Amino acid sequence: MKKTLVLLLIFSQLNSCYTSKRTQSSSGNPIFPGWYADPEGIVFENQFWVYPTFSAPYEKQVFFDAFSSYDLTHWKKHERVLDTAAIKWAKKALWAPSIIKKSENYFLFFGANDIQNENEEGGIGVAVSTKPEGPFVDYLGKPLIDKLINGAQPIDQFVFKDVDNRYYLIYGGWKHCNIAQLNDSFTGFIPFNTGEKFKEITPEGYVEGPFMFLHKSKYYLMWSEGGWTGPDYSVAYAIADSPLGPFKRIGKILEQNDEIATGAGHHSVIAAPKKDKYYIVYHRRPLTESNRNSRVTCIDEMHFDKNGHILPVIITHEGVRSNKL
């Protein structure tokens, strides 16, 4: 009986958090119920998709759910698009999925096992499916990156497709950020002109969670700063003429609001096709929560000034208005 009451209390708390400011014409924040973090947002087949980390103790992070929407306000949950049953070398800490479509396949990159040294098994892996909702299966049968290169822990991977159809993997924890050009089959990397396969592009203040996008022919590198359990967690950015940089920090654009939520960070950006609208998808911790894993996925609009600089994001309870693709 006691266990049942506790579960009902937790469900009620989550449901209250989810429905607080949601209407038929706006998404509300969080955009779907449950503890989820590190969300990657993307558009596939005229739908918005979000692939987050399941926010829980590391040993329970053994699967990914995904969410899809035609309008940003109504979200469909796709359970366990990938779990460790399909990745024999992954045991825990499935983190920060990043997905991209190439030809007829969807490639889901992920971090696993939170390795602390090169004697541990884990790192960045790749899974593949013919559908964005999976199921995904192990693509390589081993990690794509299992070493600590340039001081970067192999986590928080992001896949970036450039206008010349080159694909880059940008990743790194422990305050180091690397970029590497993927080969055509996504089984390894193509050396740069210098002969190195991994180039460090770490900007000032970088901690983790890199994300890159193009805006008016400029390359925007974004990342998280501070500690993910603390009030200083936030997002900053830099701009360059090349995906290889150099990237000089411009400033912070996303952070907590003591009246809204704490720990706002580890984000992604969705550019709505043909509508010149940009959305930032991120996680934050409700004011009612103190547990480090009590994180929810939210969305707000992102704007630029006339010089192409990103304006500070206003985090809200209301979220964004309906936008049908």
Side-chain angles (χ1 to χ4, degrees), residues 36-41 51-53 55 58 61 93-98 109-117 120 122-124 145 147-160 168-180 198-213 219-240 243-257 261-269 280-285 291-298 302 310 312-313 315:
Y36 292 99
D38 315 331
E40 170 152 324
Y51 297 80
T53 298
S55 190
Y58 294 174
Q61 293 178 314
L94 285 185
W95 287 348
S98 180
F109 292 73
F110 59 91
N113 296 355
D114 184 33
I115 63 171
Q116 303 295 304
N117 58 67
E120 295 182 280
I124 294 172
I145 302 174
K147 306 295 183 186
L148 308 178
I149 302 169
N150 299 327
Q153 186 189 25
I155 61 168
D156 290 2
Q157 53 294 314
F158 173 68
V159 190
F160 174 72
Y168 295 94
L169 188 70
I170 305 161
Y171 76 93
W174 293 353
K175 301 184 179 181
H176 291 277
C177 182
N178 288 333
I179 187 169
F198 299 87
K199 176 180 173 61
E200 184 166 6
I201 56 171
T202 309
E204 177 190 359
Y206 176 92
V207 174
E208 60 190 15
F211 185 88
M212 184 177 287
F213 70 97
Y219 294 85
Y220 289 68
L221 176 66
M222 309 176 76
W223 63 89
S224 292
E225 301 183 343
W228 70 273
T229 62
D232 58 343
Y233 207 48
S234 53
V235 171
Y237 80 106
I239 302 175
L244 305 184
F247 290 100
K248 184 177 180 181
R249 185 183 189 276
I250 293 176
K252 188 178 295 187
I253 58 96
L254 178 75
E255 57 187 326
Q256 72 176 41
N257 181 323
T262 63
H266 202 129
H267 77 300
S268 59
V269 173
I280 186 166
V281 188
Y282 62 97
H283 75 240
R284 67 194 195 196
R285 190 170 291 105
N291 186 293
R292 68 179 193 169
N293 292 312
S294 297
R295 298 173 292 175
V296 292
T297 291
C298 299
M302 191 177 79
I310 302 173
V313 174
I315 70 172

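This is a predicted model, so every value here is computed, not measured.
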Where is the tightest heavy-atom contact between [X] and [Y], given as atom of each residue plus distance?
| X | Y | result |
| --- | --- | --- |
| P154 | L148 | CD-CD2, 3.4 Å |
| I201 | P243 | CD1-O, 4.2 Å |
| E204 | W223 | O-CZ2, 3.5 Å |
| G226 | D232 | CA-OD2, 3.5 Å |
| G245 | A240 | CA-CB, 3.9 Å |
| K248 | A238 | O-CB, 3.1 Å |

Spacing of [X] atom [atom1] and [Y] atom [atom2] [to the nearest 0.5 Å]:
| X | Y | atom1 | atom2 | answer |
| --- | --- | --- | --- | --- |
| L221 | I239 | CG | CD1 | 10.5 Å |
| T297 | H266 | OG1 | NE2 | 10.5 Å |
| K147 | I149 | NZ | CD1 | 9.0 Å |
| S224 | E255 | OG | CD | 12.5 Å |
| I179 | Y171 | CD1 | OH | 11.0 Å |
| R284 | Q256 | CZ | CD | 11.0 Å |

Taking [X] for its side chain and [Y] for its backbone only, find out whether a donor-acceptor pair lies under 3.5 Å.
| X | Y | value |
| --- | --- | --- |
| Y282 | V235 | no |
| Q116 | Q153 | no |
| R285 | N291 | yes |
| D156 | A96 | no |

With a 4.5 Å heavy-atom cut-off, do [X] and [Y] have their side chains touching?
| X | Y | value |
| --- | --- | --- |
| I280 | I253 | yes |
| E208 | W228 | yes |
| T53 | H283 | no |

*Output, in order, the C-alpha distance, side-chain angles, deciding distance and verdict of side chain to side chain contact (heavy atoms under 4.5 Å, CB included) for N113 and E120.*
CA-CA 8 Å; N113 296 355; E120 295 182 280; over 6 Å; no

*Might you work through the side chain to side chain donor-acceptor pair (under 3.5 Å) test for E40 and S98, ending with a clear yes or no?*
CA-CA 6 Å; E40 170 152 324; S98 180; 3.0 Å; yes

*Return the set of residues passing side chain to side chain contact (heavy atoms under 4.5 Å, CB included) with S55 (not counting sequence neighbours), or none when no residue passes.*
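Checked S55 against side chain to side chain contact (heavy atoms under 4.5 Å, CB included); matches are W35, A37, N293, R295.
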
*Please find out if less than 6.0 Å separates the ring center of Y237 from that of H267.*
no

_Tell me every residue that passes ring pair (Phe, Tyr, Trp, His ring centres under 6.0 Å) with Y36, counting only those two or more places apart in sequence or in another chain._
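F32, F67.
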
*Name all residues meeting the ring pair (Phe, Tyr, Trp, His ring centres under 6.0 Å) criterion together with F198; count only those two or more places apart in sequence or in a different chain, and write none if there are none.*
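Only F189 meet the ring pair (Phe, Tyr, Trp, His ring centres under 6.0 Å) criterion with F198.
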
*How are the rings of Y219 and F160 set relative to one another: parallel (under 30°), tilted (30 to 60°) or perpendicular (over 60°)?*
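Taking F160 first and then Y219, their aromatic rings stand perpendicular (interplane angle over 60°).
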
*From the options P39, P97, S268, select the one residue that forms a side chain to side chain contact (heavy atoms under 4.5 Å, CB included) with Y51.*
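The side chain to side chain contact (heavy atoms under 4.5 Å, CB included) with Y51 is passed solely by P97 among P39, P97, S268.
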
